[in-house]
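Small disclaimer: the values here were computed from a predicted structure and weren't measured. First the proteins, then the strands, lettered A, B, ... as listed; each starts at 1.
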Amino acid sequence: MKARVRYAPSPTGLQHIGSVRTALFNYLFARSQGGSFILRLEDTDRARYSEAYVKNLYDTFKWLGFYWDEGPDTGGPKAPYIQSERFDIYRKHAEQLVQMGKAYYCFCSDDKKFKDNEPENEEIETAGGYGYTRTCRSIDPIEARKRVQLGQAHVIRLKIPLEGSTSFDDVLLGRIEWKNTDINPDPVLLKSDGYPTYHLANVVDDHLMDITHVMRAQEWISSAPLHIIMYEAFGWKAPVLCHLPMVLGEDGHKLSKRHGATAVDEFRKKGYLPAALINYVAMLGCSYEEGRDLFSLPELEKLFLMEKINKAPAIFDYVKLEWFNGQYIRMLTDAELASLVLPYLAEASYISQPPTQKENELLLKLAPLIRDRLRFLSEAPKMLKFLFEEPELPEAVEFIPKKKDALFAYGMLEQALQLLGQADLHDHDACEAAFRAEAEKLGCKLGDLLMPLRVALTGTKVSPPLFHSMALMDRQIIEKRIGAAMEHLKNLEHVGRAKDE
RNA sequence: GUCCCCUUCGUCUAGUGGUUAGGACACCGGGUUUUCAUCCCGGCAACGGGGGUUCAAUUCCCCCAGGGGAUGCCA
């Protein structure tokens, strides 16, 4: 049978690294098998649901470049793919389980003790008072039915066998077995408001949608036996289960906001490329081909092997992701980088949005200046700031090359001004040649000649290549900035003598 | 408390009953370079501990420790 896997997010938060990785592994598995990847919205939590999260879900995956073969938007043979549109199905199945004696009505009031944060609860719990006490399990079914018909508030709970054990074979972890007494006693399947819980909806839908493989994070493993019991109760064949290792933060705990960015949106805004994010996340807890680090999505689809997923949890390394991003930025063409960087420059009001013809040309010339320097796209405005704004004049010290003094810097600027006066700024090669010749004549390093100029023009000692930058600047501005710097140095000349070294 | 899972450089990982335990990021050093960055070269650095099994264990088994997760009318 063709593999059918699903990504089943619940729209109760922004898409984050962990969920995207689960989606990615499912996606890669489906593609590697020539199977189907299905999106199913598990929107059974009314309290936390938000339309905005649904939108975020679509936006995120569109940006990442995933597509699903079946889903709420694309439709498919098992529609609807939104659980809130399938409520009658769940109720029916829950009732069916009651009918079969595998589940029962429970009239206990919603016990919220686990929701408080009162410390004394801990003592109650450590004393052994765990889980539901199965009070209603012994109510006579006929009596229970009567109470339900009378309109008494109730939930439906699954009967976990009181003895014996439940086991399954995890693709990654192998055989896992629980004593039934260790399973969460009689979990709720249908809430008192008539909504299904995750467990019910998930199992019913996976069956009805012919899901063959369930890949989900390892934090779900403890509900696996409960699901197995449900499949057995229905007389259904359970899908193959594969529990993915978790993604942890630097401190070894579940990745969360306090570790830094976790929402895909944050990475997107900061200027990470989808290809980099996918590449990095795909390698978190999984390996593909020895001796290689860079994989495109299509390559990953081809190379993915479920067996190559690791068992151990992986720590998310922001620095390594940054490296991947740099790699992918470097692979961009001028045109690609220009268009990717445009929104950031537009936001800084350096470029209009949409850009004019002239700005487009400029953008194209900007790309090679920053490509090797960017770690993420949002760094671009800062790097190019000097081209669009008058830089602040830094302290005189900044102008002075190592082992030189203010007088020297002043002289260098004077020289530069003169050279530039005769040069064609747009011919950066010729410009450079002229400066080289001059440096040689003066018996100093090219860097010594350029550093004061760099600081004068850009306001910092670190900038994109000078000659290429000047080619994009107006002559008047260049001369004005040099003049200002010289003035600045002149006043502070006396300070320069024993500078740095 | 109880249950479940996990354990190779700081991090992500490769790998095998006999290997100089490989790669990548980070870090350190060097080179290229007009600064920075890129790029290139080199270096540092790991099989958690204890028992077995075996001629031989990082690799197989057991125990321990450590880490993580779960224990909801949230998913």
Using only side-chain N and O atoms of A/H199, determine if any of them is under 4.0 Å from OP1 or OP2 of B/A75. no

Over how many whole Å does the gap from A/D293 atom CG to B/G22 atom C1' extend? 13 Å

Reckon A/E42 touches a base, only the sugar-phosphate, or nothing at all at heavy-atom distances under 4.0 Å? sugar-phosphate

Rounded P spacing from B/A24 to B/G42 in Å: 10 Å

So, for A/Y318 and A/F316, is the gap between ring centers shorter than 6.0 Å? yes

May I ask you to evaluate whether A/K254 reaches the phosphate of B/A70, defined as a side-chain N or O under 4.0 Å from OP1 or OP2? yes

Working note: A/D43 + A/S84, criterion side chain to side chain donor-acceptor pair (under 3.5 Å); need CA distance, chi angles, decisive distance, verdict. CA-CA 6 Å; A/D43 56 344; A/S84 57; 2.6 Å; yes

Answer with yes or no after comparing the ring centroid distance for A/Y195 and A/Y90 against a 6.0 Å cut-off, counting only values under it. no

Nearest of B/A75, B/C12, B/C6 to any side-chain atom of A/L284? B/C12

If you only use heavy atoms from C-beta on, which nucleotide in B/C25, B/G72, B/C39 is closest to the side chain of A/Q327? B/C39

Distance check needed: B/A75 P versus A/R46 CZ, whole Å only. 11 Å

Can you confirm whether or not the ring centre of A/F467 sits under 6.0 Å from the ring centre of A/F435? yes

Kindly point out which of B/U35, B/A14, B/U7 is positioned nearest to the side chain of A/M451? B/U35

Can you check whether A/K191 has a side-chain N or O nearer than 4.0 Å to OP1 or OP2 of B/C74? yes

Mind telling me whether A/F168 and A/W178 have parallel, tilted or perpendicular rings, with 30° and 60° as the class edges? parallel

What's the closest nucleotide to the side chain of A/I176 if the choices are B/C4, B/C6, B/A75? B/C4

Looking at every strand, decide which applies to A/H253 at a 4.0 Å heavy-atom threshold: base, sugar-phosphate, or nothing. sugar-phosphate

Quiz item: A/K320 side-chain donor-acceptor pair to B/A24 base, under 3.5 Å: yes

Output the rounded distance in Å from CD1 (A/I315) to P (B/C9). 11 Å

Of the options B/C3, B/C6, B/C74, whose atoms approach the side-chain atoms of A/L173 most closely? B/C6

A/N310, nearest nucleotide to its side chain (from B/U13, B/U38, B/C25): B/U13

In whole angstroms, how far is the C1' atom of B/C36 from the CD atom of A/E379? 12 Å

Select base, sugar-phosphate, or nothing to describe what A/T44 touches, counting heavy atoms under 4.0 Å on all strands. sugar-phosphate

Among the nucleotides B/A75, B/C6, B/U34, which one has an atom lying closest to any side-chain atom of A/S10? B/A75

From the set B/A75, B/C5, B/A70, return the single nucleotide nearest to any side-chain atom of A/Q218. B/C5

Could you tell me whether the side chain of A/S192 has a donor or acceptor atom within less than 3.5 Å of a complementary atom in the base of B/C73? yes

Let me know the distance between CG of A/L369 and P of B/U34, rounded to the nearest Å. 16 Å

When all nucleic acid strands are considered with a 4.0 Å heavy-atom cut-off, which category describes A/G285: base, sugar-phosphate, or nothing? sugar-phosphate

Nearest-nucleotide check on RNA chain B, A/A312 vs A/L450; residue mapping nearer the 5' end is A/A312

Considering every strand and a 4.0 Å limit on heavy-atom distances, what is the contact class for A/P313: base, sugar-phosphate, or nothing? sugar-phosphate

Among the nucleotides B/C74, B/G69, B/C6, whichever has the atom closest to the side chain of A/M246 is B/G69

Side chain to side chain donor-acceptor pair (under 3.5 Å) between A/N202 and A/E42, worked out: CA-CA 8 Å; A/N202 192 266; A/E42 306 217 331; 3.3 Å; yes

Once hydrogens and angles are ignored, does a donor-acceptor distance under 3.5 Å link the base of B/U34 to the side chain of A/R454? yes

For A/C286 and A/N310, the nearest pair of non-hydrogen atoms, with its separation, is N-ND2, 4.1 Å

Measure from CE on A/M383 to C1' on B/U38 and round the result to the nearest Å. 11 Å

Looking at A/K308, does any N or O in its side chain come under 4.0 Å of the phosphate oxygens OP1/OP2 on B/G15? yes

Which residue pairs pass the side-chain hydrogen bond (donor to acceptor under 3.5 Å, both in side chains) test when at least one of the two sits in residues 217-231 of chain A, sequence neighbours left out? A/H199-A/H227, A/R216-A/H227, A/E219-A/K254

Grab the CD1-P distance between A/I370 and B/U38 for me, whole Å please. 15 Å

Short side-chain N/O contact from A/S287 to OP1 or OP2 of B/C12, under 4.0 Å: no

Looking across every strand, which nucleic acid part, if any, lies under 4.0 Å from A/V319 by heavy atom: base, sugar-phosphate, or nothing? sugar-phosphate

Comparing A/L321 with A/P245, nearest RNA chain B nucleotide closer to 5' gives the residue A/P245

Measure CG/A/N325 against P/B/A37 and give the value in whole Å, please. 18 Å

Heavy atoms from C-beta onward define the side chain here; which of B/A75, B/U34, B/A37 lies closest to that of A/W220? B/A75

Pairing nucleotide - B/A75, Watson-Crick or G-U, each distance under 3.5 Å: none

